[in-house]
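Values below: every heavy atom of this structure, side chains too, minus hydrogens, waters and symmetry copies. Letters go in sequence order (proteins before strands), and every chain restarts at 1. In this text the structure is predicted, and so the values were computed from the model without any measurement.
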2 protein chains.
Amino acid sequence: MTTTDIINRLRIWAADGSNAEKRLAEIVLSDIEYASKASIADLALRAGVSEPTVTRFCRALGCDGIRDFKFKLAQVLAIGGVYLFPEPLVRDERDARIVGAIADGAANAMQRVRDAIDMKTVNEVAQHVVDAGQVYVFGSGGVSSMGAVEMQNRLFRLGVPIVAHTDGQMQRMTAAVCDKRSLVFAISASGQAASIIESVRVARQYGARTITITHPESVLAKEAEACLPFVIPADTQLYKPTSGRYALLFLIDLIAMTTAELIGPSVLESLRRIRVSLSSLNTNDPGRPIGD
Amino acid sequence: MTTTDIINRLRIWAADGSNAEKRLAEIVLSDIEYASKASIADLALRAGVSEPTVTRFCRALGCDGIRDFKFKLAQVLAIGGVYLFPEPLVRDERDARIVGAIADGAANAMQRVRDAIDMKTVNEVAQHVVDAGQVYVFGSGGVSSMGAVEMQNRLFRLGVPIVAHTDGQMQRMTAAVCDKRSLVFAISASGQAASIIESVRVARQYGARTITITHPESVLAKEAEACLPFVIPADTQLYKPTSGRYALLFLIDLIAMTTAELIGPSVLESLRRIRVSLSSLNTNDPGRPIGD
DNA sequence: ACCGGATATGAAAAAAAGCAACATTATATC
DNA sequence: GATATAATGTTGCTTTTTTTCATATCCGGT
């Protein structure tokens, strides 16, 4: 159960639960911060009900007991939301929470990559990119397809022959024309996207080198030669966009930068040409990053 | 104290606290989910220390007691997801430099957004998204077009009628069919992309509301009603992909989350439907994030 | 109106958890 | 090696939570 469900249910019960439930739900909703720390006795007193009623209330909401209930409330609070607080009171605080939740989430996700990433594998991957005659990136689903496109975007600048496909048919067809000089990146957070799994299988049959960026225990991970672990945890907060995207971006940057350094100064030539090709479009501002 | 600080402190203590502290910190870090629900007795047993030591440990970490400690852990989990917090790897200098360069760049970019962001504007923008009959997002160039697509990806989930265009012709044509109920987001790091500037101008002529995510001093910024500042600094490190992308993602997440909360619980219905529509594709795993 | 059964609520006691005061042990310092 | 200080443990008490059992309330059928 996601934490947001609990708020919904509280809402519903505040409207049409039994007497005691109504009062409790109201008390909790009116001050979640208080409720997340109060003892049963306190809560019972405020709502004018008996203590066991509070425990039963929590159970009925799908929690193990009041501890679990408060645990979930704490999580709701960690991210916070308009509808959680009495409106006029806390505009600023709520804003701060939103900013904090996203920033912390991103920082966490990236910290994890930072801690867990095996640079030896990344270095090998980069070497394969350099060696490959043609690189393909397959991704599907919101996060993974962004990753695929982004990877193309990062690597083509280095002069790497790379193309991304987010369409399942294109992935399959492309896989079918792979050969020994091909390198296939397969990105899938779940590791269960059928088109990606099949494409990897086919590409490998034709001798392509295959690298996945996916859940290390997934079907997809087992299909390929190498796997860079990428796990998107079940977000407890549905309102918040998943932080996993930052992790994926990080991973891609690592690959791109390692590859760039491997190629060496000649990447600068590619970058220079890109800049020249843009200079007729935009004003010439040498400080600006290449291609917006 | 932000909630994630607690993890840092735990890390430090796991490395150089006293004996009991070390063991406790390790136990907690090795399974935060467990620690966030365990009783003192449990924790003490596992770490092989006495119960009051656990209480003292929590206090020393800046919490009121074990309750508060567990409360904070719950929040860490809510934000960071059910991530593991593995020991950071030791790596050689070159690897550390690459990882550090990217991580620091991203952290800086996001910190800048955090410092500069005006949540009042973001709230207004979100309100406009909710009110709009149709939302368009235009972006061009590597970073900005990713932003446009990502914005579509984040907002369509909430049931917002939104479409992204990264093609200049499509942008112009779309702008030409705007009306009063249209909302146009124009993303451009440079603020000089011709197609975007023209599209904003045209859309505005037809009564659309226009919001830019761009350099606040740019031509584009002056064309539109509102501007969320987004500046990509000239990266000195040519090998390194620009960190600006993290900042843009951050900005988009802020808008998406604020919008989601403005819409309220009914967004859950959209998300639920998306999940259902995917469940025939993938195995049914309710914990998985929606759409890879 | 009255009955039987289900449901909701409360009182009291048992169980569990958390905490403080004091005791002990380890460590550092001279 | 004595002493002071910090770190940790033991014990028992308090608070919190849960369970058990009793009571009240509601509701449809007679």
Side-chain angles (χ1 to χ4, degrees), chain A residues 1 6 9-29 31-77, chain B residues 6 9-77:
Chain A
M1 184 186 62
I6 223 174
R9 264 195 255 187
L10 280 169
R11 280 260 168 71
I12 293 167
W13 286 25
D16 48 40
S18 72
N19 253 352
E21 284 167 351
K22 252 190 233 175
R23 266 174 301 175
L24 270 171
E26 268 165 32
I27 291 290
V28 173
L29 282 175
D31 194 347
I32 296 187
E33 190 136 27
Y34 158 78
S36 71
K37 293 193 165 165
S39 72
I40 282 191
D42 253 22
L43 233 39
L45 185 68
R46 267 215 203 187
V49 301
S50 72
E51 302 184 9
T53 301
V54 178
T55 301
R56 281 191 283 257
F57 177 76
C58 299
R59 297 249 166 84
L61 277 165
C63 305
D64 284 346
I66 197 174
R67 290 202 155 92
D68 191 39
F69 177 65
K70 292 199 280 193
F71 175 89
K72 293 207 165 84
L73 286 185
Q75 297 205 320
V76 167
L77 280 172
Chain B
I6 221 174
R9 262 196 257 185
L10 280 169
R11 278 225 171 110
I12 293 167
W13 287 25
D16 48 40
S18 71
N19 254 351
E21 284 167 350
K22 251 190 232 173
R23 267 174 301 175
L24 270 170
E26 267 165 32
I27 291 289
V28 174
L29 282 175
S30 74
D31 193 348
I32 294 187
E33 188 142 30
Y34 158 79
S36 71
K37 294 192 166 168
S39 70
I40 283 192
D42 252 21
L43 233 39
L45 184 68
R46 265 214 203 188
V49 301
S50 72
E51 303 185 10
T53 301
V54 178
T55 301
R56 283 189 281 256
F57 178 77
C58 298
R59 297 249 166 84
L61 277 164
C63 306
D64 285 345
I66 196 175
R67 289 193 160 97
D68 191 39
F69 177 66
K70 293 198 281 190
F71 178 89
K72 294 210 165 80
L73 286 185
Q75 299 205 318
V76 167
L77 285 172

When you check the phosphate oxygens OP1 and OP2 of D:dT17, does a side-chain N or O of A:Lys70 lie under 4.0 Å from one of them?
yes
Rounded to whole Å, how long is the line connecting atom CZ of B:Arg59 with atom P of C:dG18?
12 Å
Looking at B:Asp68 and B:Lys72, is any side-chain nitrogen of the basic one under 4.0 Å from a carboxylate oxygen of the acidic one?
yes
Roughly, in whole Å, what's the span from CZ in A:Phe57 to P in D:dT18?
14 Å
Could you state the atom-to-atom distance from CD1 of A:Ile66 to C1' of C:dG18 in whole Å?
15 Å
So which atom in B:Ala74 and which in B:Ser36 form the shortest heavy-atom distance, rounded to 0.1 Å?
N-CB, 4.3 Å
Please report, rounded to the nearest Å, how far the C1' atom of C:dA8 is from the CG atom of A:Leu24.
13 Å
For B:Ser39, report the nucleic acid contact type (base, sugar-phosphate, nothing); a contact means any heavy atom under 4.0 Å.
sugar-phosphate
Starting at atom CG of B:Leu43, determine the distance to atom P of C:dC19, rounded to an integer number of angstrom.
12 Å
Whole angstrom is fine here: how far is it from CG in A:Asp64 over to P in D:dT19?
11 Å
Find the distance A:Leu45:CG to C:dA11:P and express it as a whole number of Å.
12 Å
Spacing of A:Ile40 atom CD1 relative to D:dT17 atom C1', expressed in whole Å:
5 Å
What is the distance from atom CG of B:Leu77 to atom CZ of A:Phe71, rounded to the nearest 0.5 Å?
5.5 Å
Separation between CZ (A:Phe57) and CD1 (A:Ile66), nearest 0.5 Å, reads 10.0 Å
Identify, with sequence neighbours excluded, every residue that meets side-chain hydrogen bond (donor to acceptor under 3.5 Å, both in side chains) alongside B:Arg23.
none
Protein-nucleotides 8-10 of chain D N/O pairs closer than 3.5 Å?
from: D:dT8; atom 1: OP1; to: B:Ser18; atom 2: OG; distance (Å): 3.2
from: D:dT8; atom 1: OP1; to: B:Ala20; atom 2: N; distance (Å): 3.0
from: D:dT8; atom 1: OP2; to: B:Ser18; atom 2: OG; distance (Å): 2.8
from: D:dG9; atom 1: OP2; to: B:Ser50; atom 2: N; distance (Å): 2.8
from: D:dG9; atom 1: OP2; to: B:Ser50; atom 2: OG; distance (Å): 3.3
from: D:dG9; atom 1: OP2; to: B:Thr53; atom 2: OG1; distance (Å): 3.2
from: D:dG9; atom 1: N7; to: B:Arg56; atom 2: NH2; distance (Å): 2.9
from: D:dG9; atom 1: O6; to: B:Arg56; atom 2: NH1; distance (Å): 3.3

Rounded to the nearest 0.5 angstrom, the NZ-SG distance for A:Lys70 and A:Cys58 is 9.0 Å
